[in-house]
Protein chains: 2
Amino acid sequence: MESQDAVAVFRKGISKFIEFNEAEWHIFCQHLDLKKLKKKTHFAEPGIVCSEIGFILTGSVRFFNVKDGEEITGYFCFENELVSSYRSFLTREPSLNYVQALEDTELVIITYNNIQAMLANPILAYKMERFGRLVAEYYLICYEERMSSFITKTPEERYLDLLNTGRDIIQRMPQHYIAHFLGITPVSLSRIRRRIMKAA
Amino acid sequence: MESQDAVAVFRKGISKFIEFNEAEWHIFCQHLDLKKLKKKTHFAEPGIVCSEIGFILTGSVRFFNVKDGEEITGYFCFENELVSSYRSFLTREPSLNYVQALEDTELVIITYNNIQAMLANPILAYKMERFGRLVAEYYLICYEERMSSFITKTPEERYLDLLNTGRDIIQRMPQHYIAHFLGITPVSLSRIRRRIMKAA
DNA sequence: TCAAAACGTTAACATAAGATAAGAATTTGG
DNA sequence: CCAAATTCTTATCTTATGTTAACGTTTTGA
């Protein structure tokens, strides 16, 4: 990878998971790439195996499915977050969803093959296993909390939660994406917002 | 751990994640316990940090929250599956939900402290990191698929899916638990079943 | 710069789901 | 073995959501 800036941001970004010493980091960096996605282009697509995991330097992406010709947005990622079509990446099966850049987006990329190479490299293997474990655990917890909100909360409660904790999503995403993210239609979210307005 | 039967079942059960050689397995076993839960007793409870991960030898458990005095079932586990209140186990924060034995249930237990000990043991560390990674990735994929079904499918579609793929749940769990698992009320599930009956 | 597309709100109507309660069948536990 | 609890269904009523369409506003992109 080239840019020293990007490298530094990435190193800091993943430091909550793993820290490499200089020798390890040197090898690790040889397995990284930079990628620029123009707005509206796809990081992953249905029917294609997603072979990359990305770290967002700048920009944002959304995950969406197409059902009955309609795009249904399921998730978002922003700066300093990892992004992949995880099931596809981990199982090597074709993705079921799109991952699309919502703005011009710069990413640090680790390919599946490079991860395998590092997992097979005695110098990096242990830390890569640990890195993978901690990342997977982190996202497992995210999913658990989100699942739980679907089981125990109403759409209105989920929206109120999002107002408190989802600043990036609330501020940067159009409302009809947020609606699907909450599991409802855009029309329904508009009504919920009106209800909340009147109550307050 | 005592029972050789249990050990063998457990070893086979986790072999899809990791295989230990005899020396490793010997040490690993020193960090396992057996636990028997009587029907309706709790493996995890709100307000208490869950410090164990279990492998179900016999029996089954359900995960549930209490909201407005009502029990809301979010998940089930059966024989040969791992069970824990994952967020609590991983973060060391109090659990937000109950995990309850639905029948007399026998488990192989690994405590948090024992996992830490093995992660710190040079002989086991690498494989334990890998084991943890693969388990977390496995459950991450489960969550991703389940989340996706909440975003893109109707309750009726989720129930039809469950009829195809959730034999244990359909056959062994009472319908009102299944309803909450699908994100709806028991009354609503009963109506969905009637609709499906009439259509067929 | 300007036409087209995207976005958010609102209305009207149809449908599904939540809440509550009653009743029958089954299971549980002492 | 039997009373109590659980489970499931059904009915009624209320409420929320989905669907479609219209409208004004904002954004986009050529």
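Every chain is numbered from 1 and lettered A, B, ... according to where its sequence line falls, protein lines coming before strand lines.
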Just wondering, do B/Ile170 and B/Tyr159 contact through their side chains at under 4.5 Å, heavy atoms? yes
Distance only, no hydrogens: is a donor on one side chain within 3.5 Å (strictly under) of an acceptor on the other, for A/Tyr143 and B/Arg146? no
Please report, rounded to the nearest Å, how far the P atom of D/dT7 is from the CZ atom of B/Arg62. 9 Å
The bend of the helix from C/dT1-D/dA30 to C/dG30-D/dC1, taken between the axes of its five terminal pairs at each end and rounded to 10°, is 70°
Closest listed nucleotide, where the reference is the side chain of B/Ser190 and the choices are C/dT9, D/dT10, C/dA17: D/dT10
Interatomic distance, B/Thr41 atom OG1 to B/Leu102 atom CG [nearest 0.5 angstrom]: 10.0 Å
A/Ile184 side-chain proximity, nearest of C/dG18, D/dG18, D/dT10: D/dG18
Do NZ/NE/NH1/NH2 and the carboxylate oxygens of A/Arg11 and A/Glu22 come within less than 4.0 Å? yes
With sugar-phosphate meaning primed atoms plus P, OP1 and OP2, does A/Pro186 contact a base, only sugar-phosphate, or nothing at under 4.0 Å between heavy atoms? nothing
Which nucleotide in D/dG18, D/dT28, C/dA11 has an atom nearest any side-chain atom of A/Val187: C/dA11
Looking only at C/dG18, C/dA11, D/dT7, the nucleotide nearest the B/Arg191 side chain is C/dG18
For B/Glu156, which of B/Arg194, B/Arg191, B/Arg195 qualifies under salt bridge (charged side-chain N to carboxylate O under 4.0 Å, His left out)? B/Arg195
Any side-chain donor near an acceptor of the partner, B/Ser95 and B/Arg87, under 3.5 Å: no
Classify the nucleic acid contact of B/Thr185 as base, sugar-phosphate or nothing, counting any heavy atom under 4.0 Å across all strands shown. sugar-phosphate
Of all the choices, D/dA11, C/dG8, D/dT9, which nucleotide is nearest to the side chain of B/Gln175 once you look at every atom? D/dT9
Give the nucleotide from the list D/dG29, C/dA17, C/dT28 with an atom nearest to the side chain of B/Lys39. C/dT28
Could you work out which one of C/dG18, D/dC8, C/dT9 sits closest to the side chain of B/His176? D/dC8
Would you please confirm or rule out a distance under 4.0 Å between OP1 or OP2 of D/dT10 and any side-chain N or O of B/Arg193? no
